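One structure is given here, and the rest of the page talks about it.
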Amino acid sequence: IRGVQAVMDVVLNRANAARKYIAIHGFNHHLFGDGSIKSACLARLQFSCWNLNDPNYPKIISLDWLNQQGAIDVMTLAADAIVGTVPDITDGALYYYAESMVKPPLWASKLQQVASVGGQLFYR
């Protein structure tokens, strides 16, 4: 669940970063969208689970969110995070990738690693 929380923190951090960006520049952030959680999640090529060709996509869209305990736990955690009762365990991370990747993404060398949670490395 901590791994899920950490990825959720990235989503919330991206939504917040997009809102700040919009306030300064007057238009949506090119990676993080319009400042909404939905936009942060569904921004093109940002979270692979939403890519139609990703093996996790069918799993996500077929979840029974109301009747699977794991899904209920995640929804409860998300609701708590949205209202601010769950701390950001990623120290403001905006990016992450799986430690299992053979070669880190190119962007990782340009950013600061701020956390390691649930087999993922987190950066800002």
Side-chain angles (χ1 to χ4, degrees):
I1 197 75
R2 283 186 54 80
V4 171
Q5 180 181 348
V7 172
M8 178 186 58
D9 288 337
V10 168
V11 171
L12 294 175
N13 292 339
R14 286 180 173 201
N16 288 332
R19 285 192 293 276
K20 290 175 186 173
Y21 183 89
I22 292 166
I24 293 168
H25 299 285
F27 51 88
N28 290 354
H29 190 281
H30 67 287
L31 292 178
F32 307 154
D34 64 12
S36 68
I37 292 170
K38 179 179 179 179
S39 180
C41 286
L42 298 178
R44 187 174 182 276
L45 302 177
Q46 294 302 301
F47 291 94
S48 60
C49 64
W50 296 113
N51 297 342
L52 296 177
N53 62 343
D54 187 277
N56 291 312
Y57 180 76
K59 296 174 189 175
I60 278 190
I61 62 168
S62 66
L63 272 178
D64 182 353
W65 289 99
L66 298 178
N67 295 312
Q68 289 181 334
Q69 188 58 50
I72 293 168
D73 293 344
V74 168
M75 293 298 288
T76 301
L77 178 63
D80 290 343
I82 289 167
V83 298
T85 59
V86 175
D88 178 357
I89 61 173
T90 69
D91 194 24
L94 295 171
Y95 306 91
Y96 73 98
Y97 71 92
E99 287 183 87
S100 62
M101 290 180 66
V102 176
K103 186 176 177 184
L106 293 175
W107 54 258
S109 65
K110 299 173 187 159
L111 300 173
Q112 175 188 9
Q113 183 183 333
V114 292
S116 175
V117 182
Q120 311 277 0
L121 300 175
F122 293 84
Y123 292 79
R124 64 175 147 81

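Model, not experiment: these values are computed from the prediction. The figures that follow rest on heavy atoms only: side chains count, while hydrogens, waters and symmetry mates do not.
Scanning for side-chain contact (heavy atoms from CB on, under 4.5 Å) contacts around Thr85 gives Asp80, Val83, with sequence neighbours left out. Applying the side-chain contact (heavy atoms from CB on, under 4.5 Å) criterion to Asn16, with sequence neighbours excluded, gives Arg19. Remark: Tyr97 engages Trp107, Tyr123 in a ring pair (Phe, Tyr, Trp, His ring centres under 6.0 Å) (not counting sequence neighbours). Partners of Gln5 under the side-chain hydrogen bond (donor to acceptor under 3.5 Å, both in side chains) rule, at least two apart in sequence or in another chain, do not exist in this structure.
Nearest approach of Phe122 to Ala93, heavy atoms of both residues: CB-CB, 3.7 Å. Between Pro55 and Lys59, the shortest heavy-atom distance links the atoms O-CE, 3.9 Å.
When the side chains of ILVMFWY residues are joined at heavy-atom separations under 4.5 Å, either directly or via intervening members, Ile72 and Leu77 end up in two distinct hydrophobic clusters. Follow the hydrophobic side-chain contacts under 4.5 Å out from Met8 and you reach Leu42 in the same cluster. At a threshold of 4.5 Å between side-chain heavy atoms, the hydrophobic network of Ile, Leu, Val, Met, Phe, Trp and Tyr places Tyr57 and Val74 in one connected group.
Sorted pairs that involve residues 93-116 and meet salt bridge (charged side-chain N to carboxylate O under 4.0 Å, His left out), not counting sequence neighbours, are lacking altogether. For residues 41-55, no residue pair satisfies the salt bridge (charged side-chain N to carboxylate O under 4.0 Å, His left out) rule, not counting sequence neighbours. Pairs engaging residues 82-94 under the salt bridge (charged side-chain N to carboxylate O under 4.0 Å, His left out) rule: Asp91-Arg124 [sequence neighbours left out].
Note: Asp73 CG to Ile1 CD1 = 5.5 Å, rounded to the nearest 0.5 Å. Taken to the nearest 0.5 Å, the CG atom of Leu94 stands 11.0 Å off from the CG atom of Asp9. Separation of atoms OG (Ser48) and CG (Asn53) is listed at 9.0 Å; rounding is to 0.5 Å. Here the OH-CG distance, from Tyr95 to Leu121, works out to 16.0 Å after rounding to the nearest 0.5 Å.
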Side-chain donor/acceptor pairs under 3.5 Å, residues 22-35, sequence neighbours excluded:
unit_1 : atom_1 : unit_2 : atom_2 : d
His29  : ND1    : Leu31  : N      : 3.0
His29  : ND1    : Phe32  : N      : 3.1
Asp34  : OD1    : Ser36  : N      : 2.9
Asp34  : OD1    : Ser36  : OG     : 2.6
Asp34  : OD1    : Ser39  : OG     : 3.4

Could you give the side-chain donor-acceptor pairs of residues 111-120 under 3.5 Å, partners two or more places apart or in another chain?
unit_1 : atom_1 : unit_2 : atom_2 : d
Gln120 : OE1    : Ala98  : N      : 3.1

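Through ILVMFWY side-chain contacts below 4.5 Å, Leu45 is grouped with nothing and stands alone.
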Go through the steps for Thr90 and Tyr96 under the test side-chain contact (heavy atoms from CB on, under 4.5 Å), then give the verdict.
CA-CA 10 Å; Thr90 69; Tyr96 73 98; over 6 Å; no
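Within 6.0 Å of atom CE in Met75, 12 or fewer heavy atoms from other residues, nucleotides or ligands are found, so the atom counts as exposed in its surroundings. Heavy-atom neighbours of Leu106 CG from other residues, nucleotides or ligands within 6.0 Å: at or below the threshold of 12.
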